[in-house]
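All values below were derived from every heavy atom in this structure, side-chain atoms included, with hydrogens, water molecules and symmetry-related copies excluded. In the text below, chain A, chain B and the rest are named by the order of the sequence lines, each starting its count at 1. Quick caveat, the model's predicted, so the values are computed rather than measured.
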There are 2 protein chains.
Amino acid sequence: MARPTIADIAERAGVSKGAVSFALNGRPGVSEETRRRILAVADEMNWRPHRAARSLGNSRAGAVGLILSRPARTLGLEPFFGQVVSGLQAGLAEDGTALQLLVVEDPEAEMAAYRNWTAEKRVDGFVLLDPLIDDPRFPALEALDVPVMVLGGPLPDTSLSYSWADDSEAMHEAVDYLAALGHRHVVHVAGMPQFLHTKRRMDVLTEAKARHELAEVVSIPTDYSDSEGAVITRRVLSRRERPTAIVYDSDVMAVAGLGVALEMGVRVPQDLSILSFDDSLLARLTHPALTALTRDTQGWATEAARELLRLIADPSLTVRHPSSTPVLVPRESTAPPAGH
Amino acid sequence: MARPTIADIAERAGVSKGAVSFALNGRPGVSEETRRRILAVADEMNWRPHRAARSLGNSRAGAVGLILSRPARTLGLEPFFGQVVSGLQAGLAEDGTALQLLVVEDPEAEMAAYRNWTAEKRVDGFVLLDPLIDDPRFPALEALDVPVMVLGGPLPDTSLSYSWADDSEAMHEAVDYLAALGHRHVVHVAGMPQFLHTKRRMDVLTEAKARHELAEVVSIPTDYSDSEGAVITRRVLSRRERPTAIVYDSDVMAVAGLGVALEMGVRVPQDLSILSFDDSLLARLTHPALTALTRDTQGWATEAARELLRLIADPSLTVRHPSSTPVLVPRESTAPPAGH
DNA sequence: GGCCCGAACTTAACCGCTTTATCAATTCAA
DNA sequence: TTGAATTGATAAAGCGGTTAAGTTCGGGCC
C-alpha cells in the first residue's frame, strides 16, 4: 500500500483528521480512549509523519545547520571535526532533529549559506565553530534573528549563545606544569591568530612569563597545517638557544613537530618536551606518546546541541553554557629539561 | 518585512502564483519578458523558496541520508569518514541537495533509520558504506524501493547501485611490489572479515602466495582498532620466524604497528617493511613515513554523490560506477628484506 | 470568414499535516 | 431548572509551493 496519511488513519478510526493530529501530538482535544484507538490504528498502519508536511504546518524545519569554511580536506585530517559532527548529531538525534552539513571554500560562501538556509527555512538554527576576534558572522546572524549556538567563547559583545570550555585555564595548567618541570624557554606554536581561542591562549602565555619568571616565551601563529608546524619547529630548533619545551595548538602540528625533532636528532623528552593542546588517537600513537590537553569534544558538542534545541524551543533564551575544562594528560613527551 | 512568498511576488508583478512558479523554475508557460520581470521582482524581494513547501509540492525531500553504525568515536578517528562526508557533501551541493547524517550504535538502529527516513520522506535516497558479505541491508533497502548508492563493490546479487574502486587490483599491486622487493614472508593485518573489501583483499593475498611462490602469507582479521593492530603486530614479531613485511588494512593500525616495531627494536624498513592500505596525513607524519595505497576518497565520494542524484532523478537507472584504483605510493617504510 | 492551434496565463486543486473557529453534548454553578 | 463553562470532536482554512485543467488571444491555413 502507498504511504498512509492521517486522512487514512482518520477514516479507519472513524474520526476527523484534526482529531488524529491532536492524538498523535499528545495535545488536548481528544479523550484518552479515542487517543488510544487512533494511536493503535496509526501504529497498525505503520504511519510516520511526512517531514515536509509537518514543517510546512508548524513552521519548524526539524534540522540545524553546521557550515564549515575550512578547506574540505581538513575535515578528514583534523579529528576534531569528526568528533564535533558525531557529538552534535547525537545531541540532536534525541529530538529527531537532523544535522545539515555544508563545507564551503570561503567565509563569503559561509555567510551566504546562513542567509539562504534561513530564508529557505531549511534549518531552525545554526552551530558555529571557531569564533574569531570581531567575528563578522556574529552581527550578521544576529540580524538574521535565528537561533545560534557558538562552540567556543566566552564571547564579548554578542547576544548569541555559546558553549565554552575554559581554554585559558587549560593553558595555565599546561604552562604551570612545564614551569614546574623546570622549563624556562617555551615556544608556543599557535593556531590562526584571528581565532578567539588562539588569542586567549597566547595571552595566558605572555602573562605566565612574568608569573613564572620564564626566560623566553614566544607564540608563533600558524595555519594549523602539519607543514607549518614542521617548518616552525625546524626553525626554533635551529636557533643557538633552543627552547626546552614546545606547546602546539593542535595534535597534527605536534606530531609533525615531533617528526622534525627526531629528524634533527633532538631527543624527546630528554632534550625537548612536547605538549599538544589537542588530544586524539594521533597523539597517542606516536613514540613517544604526546602529553596533551584532552577534552571530551564529542560530549561538549552533544551538550551544545541540546542547548541549541532549547534555544530553538524558546528563542528568547540566551545560553552561556560552560563545558568542562580540558585536562592535562601527561604521557611520554614531557620531562624536566636536561640538567635540571 | 516578513519572508516573501510567491504570492507576494505574483501580486507585485501583476501575475498569478502559477506564472511565478513557472518562471522561477524555468519551465514553459510564460514569455521571456514576463519571466525576466518576475525574476527581477523575486530578486528584488529577496525571495527564496521555502524548502518544506517545495518538498510537499513536488515530493522531493532535497536531501540524502548517510547512516553510520560504527561507534561514534570512530568518526573522529578514521580520516576516511571525514573525507567521505565532505566529498559527498560537495557532490550534493552542486544540486542544492543536503546531506543528512546519522550515527547509530548498532545495525538494527541503522535499519530502523532507513525505514523511518524513507517513510517520513525525509530523504530521497541513501549512501551506504562498508558493504558486507551477504549484507542484510541490501534486500531491506531493495524492498523499501528507495534510491541507494553503495560506496564499495562490485556487489553480486543486488539491484542496488554502487561505485567501486578496484581493491583487488590495488592489493595485487601491493603484493607484487613486496614480492619484487624480495619479500617471502608477508602478514596481512586485515580489517573486519565481514566486510566485502576485506574478503576481497584476503582472497588476492592467498592467490598471490601461489603466484609469487611466497613462503608465508597470512591474513589476520581485526576490528580496525589501533589496539588490535598493535597486539597482532606484537604477536607476529615475537615469533621465531618473523615476517619481513606487514600489510595493514588501515593507516591507524599501520601506525600502531610501526610503534610496536620501534618498541621491540625492529627497524623499519631494514628489518621489517610496512605497507598501509589506507593513506592519510597519519601515514605521512610518522617516521619513517609509511608506504601506502592512496586514493582520492573525497573525489570518489563526490562522484558517488553525483551518481546518486542521477539515480534519484531517474529511479529506473542502475549505476555501476567504477572509480579510480588506489595507487601505491612508496615512502620510507618499505625496502628489500635484510640479506636480499 | 471560420476553424484550429499553440503560446501565455489564470484558476484552483492538491501535497500532508497543523490549527483555529465552530458546534454539540455534558457538566456545573446558581 | 436554566444559563454558562467545559469537554470532545469536526470542518475548514491555512502553510508555500507545484501542477493539471482551463481560458484568452493572435495568427496561420483553407
Side-chain angles (χ1 to χ4, degrees), chain A residues 1-39 41-42 45-62 96 116-124, chain B residues 1-39 41-42 45-63 96 116-124 313:
Chain A
M1 192 194 56
R3 189 178 173 289
T5 70
I6 56 167
D8 300 325
I9 299 178
E11 192 185 352
R12 184 106 143 233
V15 294
S16 69
K17 277 171 47 180
V20 174
S21 179
F22 291 144
L24 292 168
N25 291 299
R27 49 182 84 206
V30 284
S31 65
E32 258 319 302
E33 200 203 312
T34 323
R35 181 187 307 274
R36 259 195 301 278
R37 188 157 44 91
I38 293 176
L39 255 40
V41 173
M45 299 183 82
N46 220 325
W47 177 86
R48 303 247 88 209
H50 189 296
R51 274 256 138 183
R54 180 164 271 184
S55 298
L56 194 55
N58 69 6
S59 60
R60 279 276 171 76
N116 287 341
W117 286 18
T118 308
E120 293 172 5
K121 293 233 182 224
R122 192 185 187 128
V123 295
D124 298 317
Chain B
M1 189 194 55
R3 189 180 172 288
T5 71
I6 55 166
D8 299 327
I9 300 178
E11 192 185 353
R12 184 106 143 232
V15 293
S16 70
K17 274 172 54 180
V20 174
S21 180
F22 291 146
L24 292 169
N25 291 299
R27 48 180 87 203
V30 284
S31 65
E32 258 320 302
E33 198 205 313
T34 320
R35 183 187 307 274
R36 257 197 301 277
R37 187 159 43 92
I38 293 176
L39 255 40
V41 173
M45 299 183 84
N46 220 323
W47 176 88
R48 304 249 86 209
H50 188 296
R51 273 257 137 184
R54 181 165 268 184
S55 298
L56 194 56
N58 68 5
S59 59
R60 279 276 172 77
N116 287 341
W117 285 17
T118 308
E120 293 172 5
K121 294 234 183 225
R122 192 184 187 129
V123 295
D124 298 318

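- Distance CH2 (Trp47(A)) to P (dG16(C)): 12 Å, rounded to an integer number of Å.
- At the heavy-atom level, Val20(A) lies nowhere under 4.0 Å from the strands shown.
- As a whole-Å value, the separation of Arg51(B) CZ from dG17(D) C1' is 13 Å.
- Counting to the nearest Å, the P atom of dA9(D) and the CD atom of Glu32(A) are 11 Å from each other.
- Counting only heavy atoms from C-beta on, Asn25(A) has its side chain closest to dT18(C) among dG17(D), dT18(C), dT19(D).
- The base of dG17(D) sits within donor-acceptor range of the side chain of Lys17(B), with an N or O pair under 3.5 Å.
- In terms of heavy atoms, Ala23(B) sits closest to Leu39(B) at O-CD1, 3.8 Å.
- Taking 4.0 Å as the cut-off between side-chain N and carboxylate O, Arg35(B) and Glu32(B) count as a salt-bridged pair.
- Rounded to whole Å, the distance from CD on Glu33(B) to C1' on dA8(C) is 12 Å.
- Comparing Gly57(B) and Ser31(B) against DNA chain C, the residue whose closest nucleotide sits nearer the 5' end is Ser31(B).
- Taking CZ of Arg3(B) as the start and OG of Ser59(A) as the end, the distance is 11.0 Å to the nearest 0.5 Å.
- Within the 3.5 Å criterion, the main-chain N or O of Arg60(A) finds a donor-acceptor partner in the side chain of Asn58(A).
- Rounded to an integer number of Å, the gap from CZ of Arg37(A) to C1' of dA9(D) is 11 Å.
- Residue Arg3(A) places at least one side-chain N or O closer than 4.0 Å to OP1 or OP2 of dC17(C).
- Using a 4.0 Å heavy-atom cutoff across all strands shown, Pro28(A) reaches no nucleic acid atom at all.
- Whole-Å rounding puts the Leu24(B) CG to dT19(D) C1' distance at 15 Å.
- Put simply, Arg54(B) has no side-chain N or O that comes within less than 4.0 Å of OP1 or OP2 on dG16(D).
- A distance of 7.0 Å separates CG of Leu24(A) from CD1 of Ile38(A), quoted to the nearest 0.5 Å.
- The interatomic distance linking Leu56(B) (CG) with dC15(C) (P) rounds to 9 Å, in whole Å.
- One finds no side-chain N or O of Thr34(B) lying less than 4.0 angstrom from the OP1 or OP2 phosphate oxygen of dA8(C).
- Candidate nucleotides dT10(C), dG16(C), dT18(D) were compared by shortest atom distance to the side chain of Phe22(B), and dT10(C) ranks first.
- Between the Arg51(B) side chain and the Gly62(B) main chain, a donor and an acceptor come within less than 3.5 Å of each other.
- In terms of phosphate contacts, Asn58(B) brings no side-chain nitrogen or oxygen within less than 4.0 Å of OP1 or OP2 of dG17(D).
- Following rounding to the nearest Å, Arg35(A) (CZ) and dA9(D) (C1') show an atom-to-atom distance of 13 Å.
- Among the atoms of the strands shown, base atoms are found under 4.0 Å from some heavy atom of Ser21(A).
- Look at Arg60(B) and you won't find any side-chain N or O under 4.0 angstrom from OP1 or OP2 of dC15(C).
- For His50(B), the listed nucleotide lying nearest its side chain is dG16(D); candidates were dG16(D), dT18(C), dT10(D).
- Regarding contacts with the backbone of dA11(D), every side-chain N or O of Ser16(A) stays at 4.0 angstrom or more from both OP1 and OP2.
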